[in-house]
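A quick write-up on the structure given underneath.
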Amino acid sequence: MADTADSRDTTDSQGSAGAGSRTGRRPGGRGGDGRTAARAERDGPDPRGPWRRGRVVAAGAGAVAFCLAGHSLVPNAGPRLGSLLETFLPWLGVAVPLLAVLALVRRSAVAGIAVVLPAVVWCALFGGALGNRGAPGGDLTVVSHNVGAANTDPAGTARALAATGAQVIALEELSPATAPGYERALAAAYPYHSVQGTVGLWSTYPLRDAEALPIMPWTRAMRAVVETREGPLAVYAVHLASVRVHPVAGFTTDRRNEAAGNLAAVLRAEALPRVVVAGDLNGTTEDRALRPVTAGLRSAHEEAGDGFGFSWPASFPVARIDQILVKGVTPVSARTLPRTGSDHLPVAAALRL
């Protein structure tokens with residue numbers, strides 16, 4: 001009898017345990033508490049705090065800061081990566097808010113602090129470009145425009161440029177087929193002009209000593225003297241050789257760089273104290289390869305421009321490769337003009353002579 005009672009008690013106990021296991025939540029079962037407990041048991045506590053997470057984001061921020069502050073240290077031999085980086089250098093700023101978002105997602109203190117570094121460097125380099133640095137006035141307005149060989153409305157482009165009221169207009173990428181159209185459209189407002197190869201100058205003031213510049217195998221640069229009321233002004237219309245980005249060859253700039261060196265030699269020999277170089281340089285003023293030209297001149301847009309002044313491509317400008325550079329005169333204002341039928345935007349600068 002005792003054995004039977006003990007057996008019954010054991011069976012009742014097992015049944016109660018079975019009922020409890022059916023109605024309760026098993027560790028590691030489908031219940032929320034069980035799942036959390038199982039994960040914690042499997043992974044253990046996360047030893048990484050906010051000062052140990054986000055190291056990859058912090059490294060990315062450091063790389064962006066280095067490219068901004070130390071862009072001149074990036075090698076420019078071979079594929080010309082230095083020039084390519086410098087051409088689009090302001091756009092590295094886009095990485096800063098993206099890195100900041102990643103730092104927040106990772107809840108990383110070290111990444112958040114690291115992101116401040118490229119932000120500060122970018123602001124030091126380009127913060128001044130966010131506003132308008134220009135002022136009213138000026139003695140002479142110069143407009144430069146790569147009118148585009150594929151421009152289907154040369155007359156409309158010429159009228160738009162004349163409507164700016166500029167005293168001097170420099171045009172690049174003319175052709176024997178299109179140049180006469182610009183000459184006819186601009187003749188009434190600009191009685192003085194000269195076309196040399198694929199570049200030309202139009203002026204409301206008399207021009208003299210117009211000549212082609214042999215800086216390339218084909219004529220894409222010229223010089224003339226504009227007889228302004230304030231005295232003679234040497235004006236250069238320039239279209240340096242084109243560049244390309246190739247997946248194997250890299251940034252192909254050799255012809256442009258050679259032409260820039262030749263142009264720099266011509267500029268060093270310039271006798272007049274007041275000089276304007278206007279045209280499509282196929283490069284930005286940050287590009288070290290153009291330093292032979294830009295070192296002795298000042299950018300009208302950097303001194304007195306409105307915004308970044310990106311001029312190419314016209315559909316979504318990402319770089320300012322169309323320049324107005326000066327020596328011996330003071331830029332008062334500079335800006336890009338509305339789009340024409342070209343793939344470049346026109347650029348303009350008001351100058352105090």
Side-chain angles (χ1 to χ4, degrees), residues 132-147 157-172 182-183 185-196 199-211 213 221-239 263 266-267 270-281 285 293-294 296-307 309 311 320 322-338 340 344-353:
N132 187 348
R133 304 169 296 286
D139 302 313
L140 181 83
T141 297
V142 177
V143 165
S144 177
H145 190 26
N146 179 327
V147 294
T157 297
R159 288 193 298 269
L161 299 179
T164 64
Q167 286 78 35
V168 176
I169 295 177
L171 299 185
E172 304 88 48
Y182 289 102
E183 290 173 328
L186 294 172
Y190 298 89
Y192 308 98
H193 84 279
S194 175
V195 174
Q196 304 287 334
V199 296
L201 284 172
W202 279 258
S203 174
T204 61
Y205 296 116
L207 292 178
R208 64 174 174 86
D209 300 335
E211 60 178 339
L213 300 178
M222 67 169 291
R223 173 194 180 271
V225 176
V226 180
E227 294 288 0
T228 73
R229 286 192 292 264
E230 289 75 18
L233 174 71
V235 179
Y236 291 76
V238 179
H239 186 189
L263 175 61
V266 173
L267 291 171
E270 175 58 57
L272 291 179
R274 295 186 294 187
V275 178
V276 172
V277 177
D280 175 6
L281 301 190
T285 52
V293 173
T294 59
L297 303 169
R298 291 152 33 229
S299 166
H301 198 93
E302 288 178 8
E303 287 195 16
D306 184 5
S311 61
R320 189 178 74 246
D322 299 275
Q323 312 287 350
I324 297 177
L325 309 174
V326 301
K327 182 178 76 171
V329 301
T330 302
V332 176
S333 63
R335 66 194 190 280
T336 57
L337 299 175
T340 67
H344 291 244
L345 294 180
V347 296
L351 310 174
R352 184 177 297 117
L353 303 180

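Please read these numbers as outputs of a predicted model, since none were measured by experiment.
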inquiry  = Run the side chain to side chain contact (heavy atoms under 4.5 Å, CB included) test on Y205 and L233 for me, step by step, so that the C-alpha distance in whole Å, both residues' side-chain angles and the decisive distance to 0.1 Å come before the verdict.
reply    = CA-CA 11 Å; Y205 296 116; L233 174 71; over 6 Å; no

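- Rounded to the nearest 0.5 Å, atoms CG (L337) and CG (L345) are 8.5 Å apart.
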key: Chi angles and distances behind the side chain to side chain contact (heavy atoms under 4.5 Å, CB included) call for V225, L207   = CA-CA 6 Å; V225 176; L207 292 178; over 6 Å; no

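- Smallest separation of non-hydrogen atoms from T204 and A189: CG2-O, 3.6 Å.
- Between R352 atom CZ and D139 atom CG the span is 7.0 Å, to the nearest 0.5 Å.
- Here the side chain of R335 pairs no donor or acceptor atom with the backbone of N132 at under 3.5 angstrom.
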request  = Could you please spell out the steps behind the side chain to side chain donor-acceptor pair (under 3.5 Å) verdict for H193 and E183?
outcome  = CA-CA 8 Å; H193 84 279; E183 290 173 328; 3.0 Å; yes

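- A distance-only check finds a donor-acceptor pair linking the side chain of R133 to the backbone of G307 [under 3.5 Å].
- In this structure, H145 contributes its side chain and G279 its backbone to no donor-acceptor pair below 3.5 Å.
- The distance from the NE2 atom of H344 to the NE2 atom of H239 is 6.0 Å, given to the nearest 0.5 Å.
- Side-chain contact between V143 and V347: absent, with no pair of heavy atoms (C-beta onward) separated by less than 4.5 Å.
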Identify all side-chain donor-acceptor contacts of residues 162-171 below 3.5 Å with residues at least two apart in sequence or on another chain.
residue : atom : partner : partner atom : Å
T164    : OG1  : L161    : O            : 2.6
T164    : OG1  : A166    : N            : 3.3
Q167    : OE1  : T141    : N            : 2.7
Q167    : NE2  : G165    : O            : 3.3

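- Put simply, the side chain of H301 gets close to the backbone of G309: a donor and an acceptor are under 3.5 Å apart.
- T330 contributes atom OG1, which lies 8.5 Å from atom CG of L351 (distance to the nearest 0.5 angstrom).
- Residues V329 and R298 share a closest heavy-atom pair of O-NH2, 2.9 Å.
- Every residue two or more places apart in sequence or in another chain that forms a side chain to side chain contact (heavy atoms under 4.5 Å, CB included) with P206 is listed here: Y192, E227.
- The two atoms that bring L353 and E230 nearest to each other are CD1-OE1, 3.6 Å, heavy atoms only.
- Of all heavy-atom pairs spanning P136 and V332, the tightest one is O-CG1, 3.4 Å.
- Rounded to the nearest 0.5 angstrom, S194 OG and D209 CG are separated by 10.5 Å.
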key: E172/V147 under side chain to side chain contact (heavy atoms under 4.5 Å, CB included): CA gap, chis, key distance, verdict   = CA-CA 6 Å; E172 304 88 48; V147 294; over 6 Å; no

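- The CG atom of L297 lies 12.5 Å from the CD1 atom of I324; values are rounded to the nearest 0.5 Å.
- Contact detail for V142 and A278: the closest heavy-atom pair is CG1-CB, 4.4 Å.
- Pairing each heavy atom of P331 with each of E303, the nearest pair is CD-OE1, 3.4 Å.
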query = How far apart are the C-alpha atoms of V276 and Y236, what are their side-chain angles, what is the distance that settles it, and do they pass the side chain to side chain contact (heavy atoms under 4.5 Å, CB included) test?
reply = CA-CA 6 Å; V276 172; Y236 291 76; over 6 Å; no

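- With contacts defined as side-chain heavy-atom distances shorter than 4.5 Å, the pair R223/L272 qualifies.
- Inspection of the Q323 and T285 side chains reveals no N or O donor paired with an N or O acceptor under 3.5 Å.
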